[in-house]
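Have a look at the structure below before the remarks.
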There are 2 protein chains.
Amino acid sequence: MPDRLDGRRIPEATVARLPLYYRALNETAERDIETVSSEQLADLAGVNAAKVRKDLSYLGSYGTRGVGYAVEFLLAVISRELGLTQDWPVVIVGIGNLGQALANYGGFGARGFQVSALVDADPAKHGEKVGGLAVDPIESLADLVAMRGIRIGVIATPAAAAQDVTDQLVDAGISSILNFAPAIVSVPEGVSLRKVDLATELQILSYYQAERKSRRRVGKFTPDVQLQATTAKTS
Amino acid sequence: MPDRLDGRRIPEATVARLPLYYRALNETAERDIETVSSEQLADLAGVNAAKVRKDLSYLGSYGTRGVGYAVEFLLAVISRELGLTQDWPVVIVGIGNLGQALANYGGFGARGFQVSALVDADPAKHGEKVGGLAVDPIESLADLVAMRGIRIGVIATPAAAAQDVTDQLVDAGISSILNFAPAIVSVPEGVSLRKVDLATELQILSYYQAERKSRRRVGKFTPDVQLQATTAKTS
DNA sequence: CCGCGCTAGTGCACTTGTTCACAAAGTATT
DNA sequence: AATACTTTGTGAACAAGTGCACTAGCGCGG
């Protein structure tokens, strides 16, 4: 008779931090350390101790008061929770600069993921080997996904192609997508989507950078005359 | 007599969405569309209309009821807010796979940023040209940053080097850092830090992917014997 | 000039996330 | 066995973010 059968819906914010703990714990394990306190873990993960404890408490009561958490045990718990006990095959779509870098990126396979297919729309690239794997035409996406049991797709195409590629991935049966293209794509219910966007990140940094220096507000903003002019209706 | 002189602290969540609006507006402007409603903008940016309106209201009252927002005008407001009216020179540290991809990445300069320096610790890479720019030794970081007025640093090194590089960037006078290395780095007060982490993103996807299939809770977790065994240190 | 239709702006209730602070529960020590 | 010390787990206060639903304001057609 388990307590709280599955009344454990882990908050999104917590899920997003589990990988941090996972990594921190791995590093700790490599140093042959047996137990960590929430405070140590917090330091390693760059958060605060209360948050660590609350986050971990969603997974269950796996700590020992007065001692801390058993590193290996907690690793097992978290990797189970994150679904890292299995290896996830991944397809990368768009083998340009970024796609190639991702395909060659070591840390990819290192943590339970494995680049299992590369596809690109450009026929010139087909057959080319990148990171030991041949580039296939995008038309074969569905077959590759089905045959290799791929569930996760990474989009590294130009922005213009992103939505189209997304649709193809979804049609092919992919249900988790990581989008590197600087474009908003939409997916049907039941498909997870996360995005990584360089330009966005830089612009956010730019905001705070600009804020630090002269951000003197003097009431309403009146745009440059130049820009004001453009506002005039053209039709 | 301006109302709310600078009582406008823009919420973080809003700042993070401004780049989305900015991009959506740019696309809209390219199609020679003069005005957008919050609803249209919401669709383009992948959020909901109420959020758009609330977000934009932090910038001021720049919409027209019954009509919408003037695209060019709003673009000017947002780009001012994001500090995109100037060009930000950027240094990339670590010219491996990812660093090279970033250096060659077009969309970089496209939106107000400009790769102005590349540095790497490996002497073999020094002098090599990547994306039309020579790779310099990391020792010259401070000089480059000072001479080229660089404020933003991008870390594309292996995890092990990340903290060290971060410290050097900070010492060199950088106050905004975008970290691609899979490591937690800490920065002093007054320095902005954002991170982009492939492994983390994939693991989050993995969680939800695993959740969709068999996530049957049956009480407390007892780790696999195998894993339990692995607990023995590998040295 | 009036009224209709449309859309921005916003107060408010609600949800989610964070942090504090303390009781509970363990270890270590004498 | 009792006391001191450490550290988890969590209730509760607080903060941030979201979304509804309504009001205010603008443009346009008659």
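Residue numbers start from 1 in every chain, and the chains themselves are labelled A, B, ... in the order their sequence lines are given, proteins ahead of strands.
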Subject >> Pairwise distance CD(Gln163(B)) to OG1(Thr166(B)) - rounded to 0.5 angstrom >> reply: 5.0 Å
**OP:** Show your reasoning for whether side chain to side chain contact (heavy atoms under 4.5 Å, CB included) applies to Leu44(B) and Tyr21(B).
**Re:** CA-CA 8 Å; Leu44(B) 291 170; Tyr21(B) 303 145; over 6 Å; no
Original post:
Closer than 4.0 Å, any side-chain N/O of Tyr69(B) to the OP1 or OP2 of dG9(C)?
Top reply: yes
Subject >> Nucleotide nearest Ala50(A) when distance is taken to its side chain, options dA8(C), dC20(C), dG9(D) >> reply: dC20(C)
Original post:
To the nearest Å, how far apart are Tyr21(B) OH and dA8(C) P?
Top reply: 12 Å
Original post:
Quick one: the side chain of Lys54(A) and the base of dT19(C), do they pair up donor-acceptor inside 3.5 Å?
Top reply: yes
Subject >> Residue-phosphate contact under 4.0 Å: Ser37(A) side-chain N/O, dT7(D) OP1/OP2 >> reply: no
Subject >> Intra- and interstrand pairs of DNA chain C - dot-bracket, Watson-Crick/G-U under 3.5 Å, | marks other strand >> reply: ||||||||||||||||||||||||||||||
Subject >> Distance, rounded to the nearest Å, where Asn48(B) contributes CG and dT7(C) contributes P >> reply: 16 Å
Subject >> Within-4.5 Å side-chain heavy-atom neighbours: Leu18(B) and Gln203(A) >> reply: no
Original post:
Do Asn26(A) and Glu30(A) get their side chains close enough for a donor-acceptor pair, meaning under 3.5 Å?
Top reply: no
Subject >> Summary of protein contacts for nucleotides 25-30 of chain D, nucleotide by nucleotide, where a base hit scores B, a sugar-phosphate-only hit scores S (4.0 Å, heavy atoms) >> reply: BBS---
Original post:
Taking only side-chain nitrogens and oxygens of Ser38(B), does any of them come within less than 4.0 Å of OP1 or OP2 of dT7(C)?
Top reply: no
**OP:** Let me know the distance between CG of Asp55(B) and P of dT18(D), rounded to the nearest Å.
**Re:** 8 Å
**OP:** Using whole Å, report how far CG of Leu59(B) lies from P of dT10(C).
**Re:** 12 Å
**OP:** Give the rounded distance in Å between these two atoms: CG of Leu56(A) and P of dG9(D).
**Re:** 8 Å
**OP:** Given side chain to side chain contact (heavy atoms under 4.5 Å, CB included), test Tyr69(A) with Thr35(A) step by step and report yes or no.
**Re:** CA-CA 5 Å; Tyr69(A) 301 88; Thr35(A) 59; over 6 Å; no
**OP:** Mind calculating the distance between OH (Tyr58(B)) and C1' (dG11(C)) to the nearest angstrom?
**Re:** 12 Å
Original post:
Does Ser206(A) use its side chain to pair, donor to acceptor, with the backbone of Leu82(B) at less than 3.5 Å?
Top reply: yes
Subject >> Sequence neighbours excluded, every pair satisfying salt bridge (Lys or Arg N to Asp or Glu O under 4.0 Å) that has a member inside residues 187-196 of chain A >> reply: Arg194(A)-Glu201(B)
Subject >> Value in whole Å for how far the P atom of dT19(C) lies from CD of Glu39(A) >> reply: 14 Å
**OP:** Taking side-chain hydrogen bond (donor to acceptor under 3.5 Å, both in side chains) as the test, write out the residues that go with Asp197(A), two or more places apart.
**Re:** Thr200(A), Arg23(B)
Contact list (N/O, under 3.5 angstrom) for nucleotides 15-17 of chain C vs protein:
residue	atom	partner	partner atom	Å
dG17(C)	OP1	Ala13(A)	N	3.4

Original post:
Are the side chain of Arg17(B) and the backbone N or O of Lys51(B) linked by a donor-acceptor pair below 3.5 Å?
Top reply: no
Original post:
Does Gln40(A) CD have over 12 foreign heavy atoms under 6.0 Å away?
Top reply: yes
Original post:
Hey, mind stepping through Val187(A) and Leu169(A) against side chain to side chain contact (heavy atoms under 4.5 Å, CB included) and telling me if it holds?
Top reply: CA-CA 10 Å; Val187(A) 293; Leu169(A) 283 169; over 6 Å; no
Subject >> For atom CZ of Arg53(A) and atom P of dT6(D), their distance in whole Å >> reply: 15 Å
Original post:
Among all residues two or more places apart in sequence or in another chain, which pass the side-chain contact (heavy atoms from CB on, under 4.5 Å) test with Asp171(B)?
Top reply: none
